[in-house]
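Keep in mind that the numbers below use all heavy atoms, side chains included, and drop hydrogens, waters and symmetry copies.
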Amino acid sequence: MRSASQSFARAVAIGAAALAVMLALDGAAQVLPAQNAFGGPRPGAEPQIGGIVGWLLAKQSEFYREMSSTIRAAKSDGSAVWTLLAISFAYGIFHAAGPGHGKAVISSYLVANQETARRGIALSFASALMQSLVAVVIVAVCAWLLNATAKTMCGAEKAIEIASYALIAAFGFRLVWTKGGGFIGALQAPRPAVVLAAAAHHHGHDHGHYHHDHHHHDDHVHDEHCGHVHGPEPSELAGPRGWRRGFSAILTVGIRPCSGAILVLVFALAQGLFWAGIAATFVMGLGTAITVATIAVIAVSAKDLARRLSGAREGGGALFMRGVEFAAAGLVLLFGVGLLLGYIAAERVTCL
Amino acid sequence: VNNALRRLIGLLLLASPLALGAGTAQAHPHVWITASSQLIYAPDGSITGVRHAWTFDDMFTTYALQGIESKTKGVYSREELGPLAQTNVESLKEFAFFTFAKADGKKEKFLEPVDYYLEYKDDALTLYFTLPLKTPVKAKELSVEVYDPSFFIDFKLADKDPIKLVGAPAACQMKFQRPNDGTAGAQKLGEQNFLSGDNSNYGAMFANKITVDCP
């Protein structure tokens, strides 16, 4: 029989896991209230998004608009560059807090894998740095070196965009492949009927015979009883090889530059202040990294909490955590495919 | 476990439409356009098209002018801007020119734009183009909305006389509404619409909306 404390622990675990998944989803979740989730027309203006998200949008919109006038001012007054950097930093923080697929992918990846908060932070910073670098390289090569037109530049951006979505989808597919094996294994081995019998009654008393009782070493929630599961060992993921996997996460997210950064860079270049634009871009990236890292840490902590609490129960906890990981892996795939097929549009490339 | 699994499956089900159906997740506008438009009427009183003049903000103007050669630095002739105007109208096609017309409640289609050119004045580019209606219509109630559903572009009607009727029958009355008008009511309605799942007309509430009533 379940004790009340166990029920409570589970409820909290579910809540924490839900939080982890929701954070991973946050890009989509935040915009949801603002628009039709089923493909209908979307609102055409800002004010309809109320509350915190609306405020975030208004703020970053404000900062963004201030950038062009500040760059202009910096032409005659050098000290305006400091203002520019401050605005860029704030813009970066706010921009990343708004809807966006980058942090959704990173958070989902962290939840899907046995990643630590520390690595979450490192990944966030690395991908933001890469994003800034890509923007600077695009503008430096296209506009500064080749004096290409906006059309050419936007062509390059579009190509990179498609590549990055394909990368996310491929990355998600790989995660689903590894995590799905584990999840299905965890489902089949003990009680295949569990899913089907997902009716209104509780089976808390049924689980005495679970073989998956891993709560003695609760960071090992994987299922070693299923020989056919090829998921990586947690130790592997945490080890040096994990960095290679982490690099794919950086690449998938970081390769796509932010349209805003490109516009700012081109504008700064035209004003003869390219270096200020570059500095602004990296400071923007720093701001973005801080926000993304915060979200990533919350996602990882929520998952840790869910794992600890569900680990206090019998084997079901392991199954539950595998499910959470699988769900997070699925999200990465969904995001990739959705972006690729245009169901989810990220920030548009500036092609007009 | 049952319970947990159920929640998990619920979460997954919840997540998939979120991830797949979230539509365009726009953070904030990157381009600002100040628009003025003319509604063009034929002598028989039917509307034949919409003529837009869209002035871009300075950041986008600079971006668009990147790499465009001109004889005199900082001065761009209509000819020099020709290829860019061409690119603009071609790109705008993908977004239905951000112009959505309804005649007596029925959606109207536009043909490819004509008479398009760019003008560079006071550090700003203005794109002029005419969208002919596929079939000119006589409408008791005509509405034209200008907005970007994904809000990458923020459309703002010009402060002074943004909308003109050209050759419209004398009895026709024109009104226009800026997106910030009546936001509170729109917000409430929007939430209701969202909850009831019927928000097919939601985005239009925040458009620059022009209505012409011809009795």
Visitor: Quick one: sort the B:Tyr76 and B:Tyr120 rings into parallel, tilted or perpendicular, breaks at 30° and 60°.
Guide: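 B:Tyr76 vs B:Tyr120 ring planes: perpendicular.
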Visitor: Where on A:Leu265 is there a heavy atom nearer than 4.5 Å to chain B: the side chain, the backbone, both, or neither?
Guide: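 When you check distances to chain B, no heavy atom of A:Leu265 falls under 4.5 Å.
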Visitor: Classify the ring geometry between B:Trp54 and B:Phe129 as parallel (under 30°), tilted (30 to 60°) or perpendicular (over 60°).
Guide: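 Perpendicular: the ring planes of B:Trp54 and B:Phe129 meet at over 60°.
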Visitor: Considering only NZ, NE, NH1 and NH2 on the basic side and carboxylate oxygens on the acidic side, decide whether B:Lys102 and B:Glu108 come within less than 4.0 Å.
Guide: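 A salt bridge is absent here (no side-chain N lies under 4.0 Å from a carboxylate O).
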Visitor: Would you say B:Tyr116 and B:Gln86 are linked by a side-chain donor-acceptor pair, where the criterion is simply a distance under 3.5 Å?
Guide: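 Yes, because at least one side-chain N or O of B:Gln86 sits under 3.5 Å from a partner of the opposite role on B:Tyr116.
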Visitor: Relative to chain A, which of B:Leu92, B:Asp58, B:Ile68 shows the most heavy atom pairs under 4.5 Å?
Guide: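 Counting heavy-atom pairs under 4.5 Å, the top option is B:Asp58.
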Visitor: Need one label for B:Phe56: side chain, backbone, both or neither, based on atoms under 4.5 Å from any heavy atom in chain A.
Guide: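 Side chain only.
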Visitor: Name the region of A:Ala148, side chain, backbone, both or neither, that has any atom closer than 4.5 Å to a heavy atom of chain B.
Guide: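 Just the backbone, heavy atoms under 4.5 Å.
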